[in-house]
Structures are given as C-alpha cells and as structure tokens.
Student: 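Here it is, the structure, as structure tokens.
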Amino acid sequence: MLHSRSTPQAKRQALRAGLSEAGLLRLPGAFSPLAARSIERAGFEGVYVSGAVLSADLALPDVGLTTLSEVAGRAQAIARVTELPTLVDADTGFGEPLNTARTIQILEDAGVAGCHIEDQVNPKRCGHLDGKTVTPLPEALRRLRAAVNARRDPSFVICARTDVRTTEGLDATIERAKAFADAGADLIFPEALAGAAEFEAVRKAVEVPLLANMTEFGKSELLPAATLRDLGINVVIYPVTLLRLAMGAVTEALRVIEADGTQAGLVERMQTRAELYDLLDYSGYTAFDEDVFSHGYQEER
Ligand SMILES: C[C@](O)(C(=O)O)[C@H](CC(=O)O)C(=O)O
Ligand SMILES: [Mg+2]
C-alpha cells in the first residue's frame, strides 16, 4: 500500500546478505515508483535508480546536470514503494569529498539501501561515452573515504565505481578496484568492461563483491545472467533497459495515433486497467477505507 513494510535498515541488511552469498543479485533500473513495483512483482532481487534515466526523465543529457535533491527525491519515491533494496547512481558524489559525505547522508535519509560513487571528474559523462576524464587516484580515494566515513548506518552499501577502463585500460581498473576495496568499498563497479574475459580478470584480482553493468548500445557485451553468475559476479544492473523499451512503445503509439487517428489497435498491447489497479494494490486501499470508515465512529442519526 502506501509504502513498503520493510524498513530501510532491513533492506540494507538484505542487500548485504545477498552480497555475502554466492549468487547474482539482479537490479533492473526503475524509471518510476510504478516500475519498481513491477520489478519486485517480476521476482528480481533489487531495484536500481539510474542517473542516465533520471536525467533523461528530465529531458537532460547524462552529463552531471542533475542535483542531489532531484536524485534523492526520486530515489526516495522509488525506494519507499518496494520491499526490495534500492541502489542509487550518485554519479561523482555531487562535488568535492565534503559534498560526497553529504550525499551519503541525504541518500541514507531517503531510505535507499546503497549507492555508487564514481571517479570521474565533474562534470561527469555517461560511462559509455568517449572523452571521459577520471580524477587522480588520491582524489578518488579521498572521495570514497569521505563517503565511508559519513555513513551512519553501517549496513548502507557503498559501491565504488571506476571509469578508468576506457582512459587507462584494464590494469588500471584492477589497480583502482584493489585500492577502493582497501579504502572500505563494499562493492566495486568496474565500468565499461568489454566482455567475459575482462570480468574474469577483475574477479581474480579483487576479493570484494563486483557489479556488472549490462547497458545497451555501450562498450560492454550483454552477457547473460548465467554467464555473470559463473564468472563470480555478485550484482548485475540493467540501468536503462526499461526506459528504452517504454520510450520505444511511446514512439510507436504516437506514430499510430497520428496516422490512424485512434489507439484502438494498440489496446491489446497495453497494461489493462485491472493489471494497473492490481499493481497499485487498490484492494489494500479499499480494505483500509472499510476498516477506518465502517468500523469506526458511527455518527448519530
Ligand atoms: C549506469 C549508468 O551510470 C546510469 O546512469 O544508469 C550509465 C548507463 C548508460 O548510460 O547506459 C552508464 O554510465 O553506464
Ligand atoms: Mg550514471
């Protein structure tokens, strides 16, 4: 109903438990709270809040234009409606190390289970674009240590992302992954690895859990979950998949309505009213009303 029954702490502990077990946690990107409900209903282990999706939702490019308030507000709206843990893309932490510390605390207050902080310079670029620049390792480590030290709930998951693969190569990725793990990262996100061999190399070199980004139209081969599981990867995100498919349907619908003057031919492809109401738990609200209004105070006639 109004929000999840699980507390943020319980969701964080569930995410941590999942990271410590063998197996793969699958986190599709939710473009809305309703999409998060569908992700939960479909049996996934978590929800991802993508910076690229949040930017696109605002009709902005993924180049660091969103604010912490926008990200925290959307992340809270998404996290509160699902029993699943929510992992948030916190870009570079929204500024200097002190800003990163504030970002962690604002996101903790928003009820999310964890976030990732990347080592790009500000303003960042999408990790699958060329022309990225990463901060020198000492600066990246200051940013990460600020995040780890700012955490008030020890179960809040801090994921360190490195974008260095496309600027300095795989060895530099492994060097940074090790340094980030030593600095207290709970999870490492090596961005834009090419394929299975590179995931295998990072897996061999680093002890802490690893996240794989299976985003379309980028630099990474789209590896099936079974392959990622066999490689010992712990988390996989599908950050923009649902938005890309939704926008594909939007484009087609607008074309049909413009051409045919009606959406009648599309109705069979739609989520029905009943399916939407079921996803929104209308019956829970009806039960709430019945409980409050029919078993409560009876006005005198
Ligand atoms: C994971 C990512 O940071 C995101 O914002 O979802 C993007 C995804 C994308 O642009 O495809 C990324 O930089 O990989
Ligand atoms: Mg992003």
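In listed order, ligands and their atoms are each counted from 1. Residues: numbered from 1 along the sequence shown.
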Student: Specify side chain, backbone, both or neither for Asn213, according to which of its non-hydrogen atoms lie closer than 4.0 Å to ligand 1.
Tutor: side chain

Student: Is a side-chain donor-acceptor pair under 3.5 Å present for Thr215 with Arg244?
Tutor: yes

Student: Using the ring of each side chain (for Trp, its six-membered ring), is His116 parallel, tilted or perpendicular to Phe189, with breaks at 30° and 60°?
Tutor: perpendicular

Student: Side chains of Glu118 and Asp89: does their closest heavy-atom pair fall under 4.5 Å?
Tutor: yes

Student: Which part of Tyr48 is near ligand 1, with near meaning a heavy atom under 4.0 Å away: side chain, backbone, both or neither?
Tutor: side chain

Student: By the definition side-chain contact (heavy atoms from CB on, under 4.5 Å), identify the one residue from Thr162, Asp163, Ile188 that meets it with Thr173.
Tutor: Thr162

Student: Considering only heavy atoms, which of Gln120, Met214, Glu191 lies nearest to atom 14 (O) of ligand 1?
Tutor: Glu191

Student: How is the N/O/S atom of Asp89 that comes nearest to the Mg ion (ligand 2) named?
Tutor: OD2

Student: Could you list the atoms of ligand 1 found under 4.0 angstrom from a heavy atom of Thr215?
Tutor: 8 (C), 9 (C), 11 (O)

Student: Between Gly127 and ligand 1, is there a nitrogen or oxygen pair with a distance under 3.5 Å?
Tutor: yes

Student: For atom 10 (O) of ligand 1, what is the closest protein heavy atom, and at what distance to 0.1 Å?
Tutor: Cys126 SG, 3.1 Å

Student: Distance alone, cut at 3.5 Å: any donor-acceptor contact between the side chains of Lys11 and Thr82?
Tutor: no

Student: Taking 4.0 angstrom as the limit and counting only heavy atoms of Arg244, give me the atoms of ligand 1 inside it, by number and element.
Tutor: 11 (O)

Student: Taking Arg255 first and then Glu252, would you say they form a salt bridge - that is, a charged N and a carboxylate O separated by under 4.0 Å?
Tutor: yes

Student: Any donor and acceptor pair, going by atom type alone, linking the side chain of Ser50 with main-chain N or O of Gly29 inside 3.5 Å?
Tutor: no

Student: Quick check: does Ser50 get an N/O under 3.5 Å from an N/O on ligand 1?
Tutor: yes

Student: Please check whether Pro239 reaches ligand 1 - meaning an N/O of the residue sits under 3.5 Å from an N/O of the ligand, judged on distance alone.
Tutor: no

Student: Hey, are Arg151 and Asp186 close enough for a salt bridge, meaning a charged N less than 4.0 Å from a carboxylate O?
Tutor: yes

Student: Gly51 to ligand 1: N or O pair under 3.5 Å?
Tutor: yes

Student: Check for me whether Arg161 has a heavy atom closer than 4.0 Å to any atom of ligand 1.
Tutor: yes

Student: Step by step, work out the side-chain hydrogen bond (donor to acceptor under 3.5 Å, both in side chains) result for Thr92 and Arg161.
Tutor: CA-CA 9 Å; Thr92 61; Arg161 163 171 152 174; over 6 Å; no

Student: Would you check whether Gly218 reaches within less than 4.0 Å of ligand 1, judged by its heavy atoms?
Tutor: no

